[in-house]
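Note sheet for the following structure.
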Amino acid sequence: VLAQTAVPPAPAAPASPHTFTGNAALVSDYLFRGVSQTHGKPAIQAGFDYAHSSGLYAGIWGSSISWVSDVQNRSVPTEIDLYAGYKSTFAGGDWNYDFGLITYNYPGSKNTPANFSAKADTVEVYGAIGWKFLTLKYSHTVSSHFVGWYGGPAGTDITKNTRGSGYLELNAAYDLGDGWGITGHLGHQKVKNYVAVGDTNASYTDWKLGVTKDLGFGVVGLAYSDTNS
């Protein structure tokens with residue numbers, strides 16, 4: 001008679017509440033709210049994100065740029081964004097929300113009143129609510145200036161700031177299956193305290209329509225974007 005004692009399997013290790021991810025991209029033009037940040041030239045971008053199972057998250061993202069150098073006549077080749085927030089779902093997962101804070105940093109940017117440009121660094125708080133493939137988001141500037149804009153007529157009054165500027169956007173990302181997707185975007189940027197003169201209006205509307213394909217090792221996309229500015 002052979003006696004055998006069953007040995008229970010070892011319990012599986014609990015899943016970690018921490019998630020770390022990275023991303024990298026090469027784009028033909030870096031568009032921020034419909035406006036080229038690279039004068040229509042390619043950009044290299046990369047980021048790193050941390051997420052906790054509670055819904056808290058934080059990250060860093062960077063891109064090559066040229067617009068600050070063009071405006072301020074100094075070498076400012078990089079944008080570095082830092083952000084943190086909280087997001088979660090409700091109503092069975094069909095609905096979601098997200099809120100947080102983001103800082104857009106341009107190392108080397110300075111106040112240059114002679115050409116009506118404040119330091120480009122910008123801080124915004126944001127909130128978003130989403131349903132399935134649609135997301136409505138609002139971003140509100142809490143720093144003294146929004147991407148270097150002064151207030152007043154055509155942004156030429158260096159005594160006036162643009163704190164309180166806001167951007168409202170509606171985004172769509174629809175999965176067509178087999179790795180294909182379509183994206184859509186409509187947004188409006190309002191620059192606080194900026195007084196339009198003639199055709200110099202800093203507030204504008206932008207839109208974008210695109211298609212994406214997941215190749216497994218990465219995603220490729222093609223999009224058309226324009227503004228009324």
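Only a predicted model underlies this, so the values are computations on that prediction, with no experimental measurement involved. Heavy-atom basis, side chains included; hydrogens, waters and symmetry copies ignored.
- Inspection of the D206 and Y167 side chains reveals an N or O donor paired with an N or O acceptor under 3.5 Å.
- For the pair G108 and R74, the tightest heavy-atom approach, listed with the atom from each and the gap, is O-CD, 3.0 Å.
- In this structure the side chain of V147 never reaches within 4.5 angstrom of the side chain of Y104, judged on heavy atoms.
- Criterion: ILVMFWY side-chain heavy atoms under 4.5 Å apart, direct or through other members. Under it, V211 and L209 are not part of a common hydrophobic cluster.
- Put simply, the side chain of T141 never gets that close to the backbone of S143: no donor and acceptor are under 3.5 Å apart.
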- [ ] With salt bridge (Lys or Arg N to Asp or Glu O under 4.0 Å) as the test, would you mind laying out the steps for K137 and E124 before giving the verdict?
- [x] CA-CA 12 Å; K137 180 180 179 180; E124 291 184 335; over 6 Å; no

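- With F146 as the aromatic partner, R163 does not meet the cation-pi criteria of under 6.0 angstrom to the ring centre and within 45 degrees of the ring axis.
- For D199, the CG atom sits in a loose shell: 12 or fewer heavy atoms of surrounding residues, nucleotides or ligands are nearer than 6.0 Å.
- With H185 as reference, N171 is the one residue of L31, N171, L170, T135 to meet the side-chain contact (heavy atoms from CB on, under 4.5 Å) rule.
- Side-chain polar atoms of S36 and D29 form a donor-acceptor pair below 3.5 angstrom.
- Shown are V68, I65, N105, D121; of these, the side-chain contact (heavy atoms from CB on, under 4.5 Å) with E79 is made only by I65.
- One N or O on the side chain of D214 and one on the backbone of G216 form a donor-acceptor pair closer than 3.5 Å.
- Under the 4.5 Å side-chain heavy-atom criterion for grouping Ile, Leu, Val, Met, Phe, Trp and Tyr, V219 is not connected to F48 through any hydrophobic cluster.
- If you check the side chains of T205 and H188, you find a donor sitting under 3.5 Å from an acceptor.
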Task: Derivation and outcome, side chain to side chain contact (heavy atoms under 4.5 Å, CB included), residues T200 and Y194 - done: CA-CA 10 Å; T200 59; Y194 184 100; 3.7 Å; yes

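- Under a 3.5 Å cut-off, the side chain of Q37 and the backbone N or O of V35 do form a donor-acceptor pair.
- In the hydrophobic cluster analysis, where Ile, Leu, Val, Met, Phe, Trp and Tyr join through side-chain heavy atoms closer than 4.5 angstrom, L82 is grouped together with F20.
- Scanning both residues, D49 and G59, for their nearest heavy atoms gives OD1-CA, 3.9 Å.
- Side-chain contact check for D226 and Y224: at least one donor-acceptor pair (N or O, by modelled atom type) lies under 3.5 Å.
- Using cut-offs of 30° and 60° on the angle between ring planes, the pair Y106 and W67 is perpendicular.
- A heavy-atom distance below 4.5 Å is found between the side chains of N115 and N73.
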TODO: Report the C-alpha separation of D178 and K213 in whole Å, then their side-chain angles, then the decisive distance to 0.1 Å, and conclude whether the side chain to side chain contact (heavy atoms under 4.5 Å, CB included) test is met.
DONE: CA-CA 9 Å; D178 197 28; K213 172 62 174 177; 4.3 Å; yes

TODO: Apply the test side chain to side chain contact (heavy atoms under 4.5 Å, CB included) to residues Q45 and V27: give CA-CA distance (whole Å), side-chain angles for both, the deciding distance (0.1 Å), then the verdict.
DONE: CA-CA 8 Å; Q45 305 172 336; V27 296; 3.8 Å; yes

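- In this structure a side-chain-to-backbone donor-acceptor pair under 3.5 Å is present from T38 to K41.
- A donor-acceptor pair under 3.5 Å is formed between the side chain of S69 and the backbone N or O of V76.
- The two residues S109 and A118 come nearest to each other via the heavy atoms OG-O, 4.4 Å.
- In terms of heavy atoms, N193 sits closest to N161 at ND2-O, 3.0 Å.
- Atom OG of residue S88 and atom CZ of residue F99 lie 9.5 Å apart, to the nearest 0.5 angstrom.
- In this pair, F133 and Y174 present their aromatic rings perpendicular. The plane angle is above 60°, beyond the 30 to 60° band.
- By the 4.5 Å heavy-atom criterion applied to side chains, W61 and N23 are counted as neighbours.
- Partner of P113 under the side-chain contact (heavy atoms from CB on, under 4.5 Å) criterion, chosen from I158, T159, T156: I158.
- With hydrogens and angles ignored, the 3.5 Å screen pairs no side-chain donor or acceptor of T19 with any backbone N or O of P17.
- In summary, the side chains of H145 and N111 do not present any donor paired with an acceptor at a separation below 3.5 Å, with no hydrogens or angles considered.
- Results of the side-chain hydrogen bond (donor to acceptor under 3.5 Å, both in side chains) test with D98 over Y86, Y126, Y57 single out Y57 as the only residue that passes.
- For I44, the CD1 atom is loosely surrounded, since the number of other residues' heavy atoms within 6.0 Å does not exceed 12.
- We find the CG-CD distance between L168 and Q189 to be 10.5 Å, quoted to the nearest 0.5 Å.
- Relative ring orientation between H52 and Y50 is described as tilted, the plane-to-plane angle lying within the 30° to 60° band.
- S16 and H18 share no side-chain donor-acceptor pair at under 3.5 Å.
- When side chains are defined from C-beta on, R33 counts as touching S139, because their heavy atoms get closer than 4.5 Å.
- When all heavy atoms of F32 and Y204 are compared, the pair lying nearest together is O-OH, 4.2 Å.
- The minimum heavy-atom distance linking W149 with T162 is given by the pair O-OG1, 2.9 Å.
- Counting only distance, with no hydrogens or angles, the side chain of Q72 and the backbone of K110 share a donor-acceptor pair below 3.5 Å.
- Using modelled atom types, no side-chain atom of T112 and backbone atom of A114 make a donor-acceptor pair closer than 3.5 Å.
- At a threshold of 4.0 Å, the pair E169-K190 does not count as salt-bridged, since none of the basic side-chain nitrogens sits closer than that to a carboxylate oxygen.
- Linking ILVMFWY side-chain heavy atoms closer than 4.5 Å, directly or via other members, places I182 and L134 in a single hydrophobic cluster.
- Linking ILVMFWY residues whenever their side-chain heavy atoms come closer than 4.5 Å, directly or via other members, leaves V191 and Y150 in distinct clusters.
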